[in-house]
Amino acid sequence: MNPVAGSFAQRLLDWFDHGGRHDLPWQHPRTPYRVWLAEIMLQQTQVKTVTPYFERFVAAFPTLPDLAAASLDDVLAQWSGLGYYARARNLHTSARLCCELHWGELPRDFAALVALPGIGRSTAGAILAQAWGERFPILDGNVKRVLARYHGISGWPNLPAVEKQLWMLAEAHLPASRMADYTQAQMDFGATLCTRQNPACMLCVMNTDCIALRDGRVEELPTARPGKPLPERTALVLFAQNADGEILLQRRPPTGIWASLWSLPEAETHEQARSWFALHLHGDYDQAEALAEIPHVFSHYRLRMHPLHWQALVARDVVRDNADLRWVPRAALATLGLPAPIRKLLGE
DNA sequence: AAAACGGGGTA
DNA sequence: TACCCAGTTTT
């Protein structure tokens, strides 16, 4: 067998030419800024979800300096609903750093990229390979799954020892050229063919070499994350409206869950909620209408939100002077970064 | 209700 | 290196 034509990378590239995705919005045009933005959005999110966000985001901020010049609020508004909002904050910070340190461009240098917040080894490699054709490996969840199966590697891929081995294999498979295509090919292959469930092994271009397939272990590789029960928390959310139907929103603190997003004021107990109400609003706390519980699952705990609703309330003076607390008309909700379940509750 | 997708930051 | 942090969609 021809050792080049038969190599892992060559087969993947041959497959990519007909089976890969060639019409993703960040491929046309494939600029460093657009590749970077796409890679950040794709970090924890699938292509199908990302695509409309990407198109809206580049329309709002067409260039890196545009993004740097925007307010964090405007950036979070574009990101609202995508989740993992630290990505948006890091993106914004990184854009400003690029303007200070790199003449308004993304650096074409691995160490300089990794020095930017939100860019780790895999994302830096993906950017360099796709934007410039440079020879760096990536190791996202798709690649981890493909390599774990192809090489028959057991153990949860995020275990340091397993991950180290996977990085070495990813590096060893790099082709001599076509790095942009190869990088996209790996992601497409994992996302569409070597999927977690029901992979298309019959159609797979590697199916003569895949160790997991040979050993009948495709379904059990990669090894699942060790399970652990999620802790549960509850919260009261205060949904206050004034006589004009405007909603009282509060900016969340800059760290923690939903950092810097706008949301409904939150309290742990009725006692806390009652005193917050008394401090900020006129009216009767006990007139609240209890709305249906909103269950929400984060990756590390489960949150059960209990909304309390009041209409035609009047705010105390403190609200007027508070930059992080304001009445928002329904029509303005689209311009703010809101957590997805809160946006849904408010009827958007 | 559970599973899937899934990388970065920091001590 | 070990451990911590972090949302939404799909099944």
Side-chain angles (χ1 to χ4, degrees), chain A residues 36-53 76 79-91 93-94 110 113-127 136-148 155-167 170 186-192 194-199 219-233 235 252-261 263 293-305 337-345 348:
Chain A
W36 169 46
L37 175 59
E39 285 305 320
I40 300 299
M41 286 187 166
L42 288 165
Q43 274 174 352
Q44 285 99 340
T45 316
Q46 296 183 339
V47 165
K48 189 177 167 232
T49 306
V50 162
T51 299
Y53 281 89
L76 287 172
W79 204 273
S80 180
L82 250 191
Y84 289 105
Y85 298 91
R87 294 183 296 172
R89 282 185 284 111
N90 288 336
L91 194 71
T93 303
S94 290
F110 184 85
L113 281 175
V114 170
L116 295 171
I119 301 181
R121 182 179 176 184
S122 186
T123 301
I127 292 168
F136 286 90
I138 62 167
L139 191 63
D140 68 1
N142 288 316
V143 179
K144 284 175 175 171
R145 182 169 58 252
V146 172
L147 292 177
W156 184 47
N158 287 358
L159 279 178
V162 178
E163 191 172 280
K164 185 179 174 188
Q165 192 182 0
L166 293 172
W167 270 116
Q186 291 174 89
M187 299 190 279
D188 291 355
F189 185 79
T192 66
C194 192
T195 49
R196 187 71 177 98
Q197 292 180 76
N198 305 316
E219 292 292 344
E220 68 186 70
L221 292 179
T223 305
R225 153 191 224 127
K228 54 177 180 189
L230 291 183
E232 197 162 289
R233 286 171 36 186
R252 296 183 59 88
T255 57
I257 294 290
W258 295 329
S260 301
L261 268 65
S263 187
E293 175 190 318
I294 307 170
H296 195 75
V297 185
F298 296 107
S299 46
H300 51 310
Y301 66 88
R302 184 185 311 273
L303 179 62
R304 303 156 69 102
M305 290 177 281
L338 263 57
I342 299 299
R343 192 179 289 286
K344 190 175 166 202
L345 168 70
E348 270 226 326

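Convention: sequence-line order gives letters A, B, ...; per-chain numbering from 1. Predicted model, so just to flag it, every value in this text is computed and none were measured.
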| task | Grab the CZ-P distance between A:R252 and C:dA6 for me, whole Å please. | result | 10 Å

| Separation of B:dG7 C1' from A:L116 CG (nearest whole Å) | 16 Å

| query | Does any donor-acceptor pair link the side chain of A:Y84 with the base of B:dG7 at a separation under 3.5 Å? | reply | no

| So do the side chains of A:H296 and A:R302 get within less than 4.5 Å of each other, counting heavy atoms only? | no

| message | Whether the side chain of A:T45 engages the backbone of A:V50 through a donor-acceptor N/O pair (distance < 3.5 Å, no angle test) should be reported. | response | no

| said: Of the options C:dT9, C:dG7, B:dC5, whose atoms approach the side-chain atoms of A:T49 most closely? | reply: C:dT9

| task | Round to a whole Å and report the spacing from CG of A:N158 to C1' of B:dG6. | result | 8 Å

| request: Round to the nearest Å and state the distance from A:I40 atom CD1 to C:dA6 atom P. | output: 18 Å

| field | Whether A:R225 side chain and A:W156 backbone form a donor-acceptor pair below 3.5 Å | value | no

| Using a cut-off of less than 4.0 Å, is there contact between a side-chain N or O of A:K48 and OP1 or OP2 of B:dC5? | no

| said: Whole angstroms only, please: what is the NE2-P distance between A:H296 and C:dA6? | reply: 12 Å

| message | B:dG6, OP1 or OP2 - any side-chain N/O from A:N142 closer than 4.0 Å? | response | yes

| Closest-nucleotide ordering on DNA chain B, the 5'-leading residue of A:A124 and A:T195 | A:T195

| field | Minimum-distance nucleotide (side-chain atoms of A:K164 versus B:dG7, B:dG6, C:dT1) | value | C:dT1

| request: Could you verify whether a donor N or O on one side chain and an acceptor N or O on the other, from A:R343 and A:S80, lie under 3.5 Å apart? | output: yes

| Spacing between A:Q43 atom CD and C:dC5 atom C1', to the nearest angstrom | 14 Å

| request: Report the distance from atom CD of A:Q197 to atom C1' of C:dT10, rounded to the nearest whole Å. | output: 10 Å

| message | Just N and O in the side chain of A:R302: are any of them under 4.0 Å from OP1 or OP2 of B:dA2? | response | yes

| When you measure from the side chain of A:R196, which nucleotide among C:dT10, B:dG7, B:dA4 comes out closest? | B:dA4

| task | Please measure how far the C1' atom in C:dC5 lies from the corresponding atom in B:dG6, and state the result in whole Å. | result | 13 Å

| field | Separation of A:L345 CG from A:I294 CD1 (nearest 0.5 Å) | value | 4.0 Å

| said: Pick the closest DNA chain C nucleotide for A:I257 and for A:P160 by heavy atoms, then say which residue is nearer the 5' end. | reply: A:P160

| message | So A:P341, base contact, sugar-phosphate only, or nothing? Heavy-atom distance under 4.0 Å. | response | sugar-phosphate

| remark: Whole-Å distance, A:M187 CE to B:dG6 C1', equals 13 Å

| field | A:Q186: which of A:I138, A:N142, A:L139 passes side-chain contact (heavy atoms from CB on, under 4.5 Å) | value | A:I138

| query | Does any donor-acceptor pair link the side chain of A:R87 with the base of B:dG6 at a separation under 3.5 Å? | reply | no

| said: Work out how far the P atom of B:dC5 is from that of C:dA6, and round it to whole angstrom. | reply: 22 Å

| Starting at the 5' end of DNA chain C, which residue's closest nucleotide do you reach first, A:G83 or A:Q46? | A:G83

